[in-house]
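Beneath this line is the structure, given in structure tokens, with notes to follow.
Values below: every heavy atom of this structure, side chains too, minus hydrogens, waters and symmetry copies. We count residues from 1, following the sequence as given.
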Amino acid sequence: MAYATQTDIVTLYSQDALYVADRDGDGVPDEAAIARALQTAGDEIDSYLGVRFSLPLETVPGLLVQFSVDIALYRLALSSDVLSDEHRTRYEDAQKHLKDIARGTATLNTGAPQSGDGDDPVAPARPRPVVSVGPEREFTRDKMRGL
């Protein structure tokens, strides 16, 4: 799910920020490349949010629009070899915050209850794997044979 649009990029950073999407050097941003980058950013965001939220979200918080734009601009700049420290810093900040949301140390202000946040956890949208690890068995049939 794409959480932002090309208009959001222009609103947040101005039209000049789209120089990273000029694929053929004619000064016009490639709209298809922007749409792909925004979709990929949404998929990346979903990979973090899917740990704690049922997707798709009913409402999209403004924070996700910002993260989606920052991630998309980073990916576009990376593929155009015009990556700057600012792109990288914004991407890393967005990624760090998404990891914090996934771990439960930060919140996403959706207004909906989150699992682990209160007394009434939200059921996950899909089954989660059960992981069981323990020490090796002390008493096995082979060890007990002859007793």
(request) To the nearest 0.5 Å, tell me how far Met1 CE sits from Leu57 CG. (result)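 One finds 6.5 Å between CE of Met1 and CG of Leu57.
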(message) I need the Leu18 CG to Ile34 CD1 distance, nearest 0.5 Å.
(response)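 CD1 of Ile34 is found 4.5 Å from CG of Leu18.
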(request) Evaluate the side-chain contact (heavy atoms from CB on, under 4.5 Å) criterion for residues Arg103 and Val51: first the C-alpha distance (whole Å), next the side-chain angles of each, then the deciding distance (0.1 Å), finally the verdict. (result) CA-CA 8 Å; Arg103 271 184 274 177; Val51 174; over 6 Å; no
(message) Do Asp8 and Tyr3 pair up side chain to side chain, a donor and an acceptor below 3.5 Å, judged on atom types alone?
(response)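 Tyr3 and Asp8 do not have a side-chain donor-acceptor pair below 3.5 Å.
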(message) Taking Ala94's backbone N and O only, do any of them form a donor-acceptor pair with His97's side chain (distance below 3.5 Å, no angle check)?
(response) no
(message) Please check: side-chain N/O of Ser14 versus main-chain N/O of Asp16, any donor-acceptor pairing under 3.5 Å?
(response) yes
(request) With sequence neighbours excluded, tell me which residues meet side chain to side chain donor-acceptor pair (under 3.5 Å) with Gln39. (result)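 Applying side chain to side chain donor-acceptor pair (under 3.5 Å) to Gln39 gives Asp43.
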(request) Name all pairs fulfilling the ring pair (Phe, Tyr, Trp, His ring centres under 6.0 Å) condition that reach into residues 19-49, sequence neighbours left out, sorted by first residue then second. (result) none
How would you list, by chain and number, every residue that makes a salt bridge (Lys or Arg N to Asp or Glu O under 4.0 Å) with [X], sequence neighbours excluded?
X	result
Glu31	none
Asp22	none
Asp142	Arg145

Donor-acceptor contacts, no H, no angles, side chain residues 64-78, under 3.5 Å, sequence neighbours left out:
{"unit_1": "Gln66", "atom_1": "NE2", "unit_2": "Tyr13", "atom_2": "OH", "d": "2.6"}
{"unit_1": "Gln66", "atom_1": "NE2", "unit_2": "Asp70", "atom_2": "OD1", "d": "3.2"}
{"unit_1": "Gln66", "atom_1": "NE2", "unit_2": "Asp70", "atom_2": "OD2", "d": "3.2"}
{"unit_1": "Asp70", "atom_1": "OD1", "unit_2": "Tyr13", "atom_2": "OH", "d": "2.6"}
{"unit_1": "Arg75", "atom_1": "NH2", "unit_2": "Glu44", "atom_2": "OE1", "d": "3.0"}
{"unit_1": "Arg75", "atom_1": "NH2", "unit_2": "Tyr91", "atom_2": "OH", "d": "3.1"}

(request) Search all heavy atoms of Arg23 against all heavy atoms of Ser79 and return the closest pair with its distance. (result)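 Smallest heavy-atom distance, with atoms named: NH2-OG, 2.9 Å.
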(message) What I'd like to find out is whether the side chain of Gln15 reaches to under 4.5 Å of the side chain of Pro29, using heavy atoms alone.
(response) yes
(request) Answer yes if Ile101 and Leu55 sit in the same cluster of Ile, Leu, Val, Met, Phe, Trp and Tyr residues linked by side chain heavy atoms under 4.5 Å apart, and no otherwise. (result) yes
(request) Answer yes or no: is there an ion pair linking Asp85 with Arg88, defined by an N-O contact shorter than 4.0 Å? (result)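 Salt bridge absent between Asp85 and Arg88.
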(request) Could you tell me whether Glu86 and Arg90 have a side-chain N and a carboxylate O separated by less than 4.0 Å? (result) yes
(request) Please say whether more than 12 non-hydrogen atoms of neighbouring residues, nucleotides or ligands are located less than 6.0 Å from CG in Asp24. (result)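 Counting neighbours around CG of Asp24, more than 12 heavy atoms of other residues, nucleotides or ligands fall under 6.0 Å, so yes.
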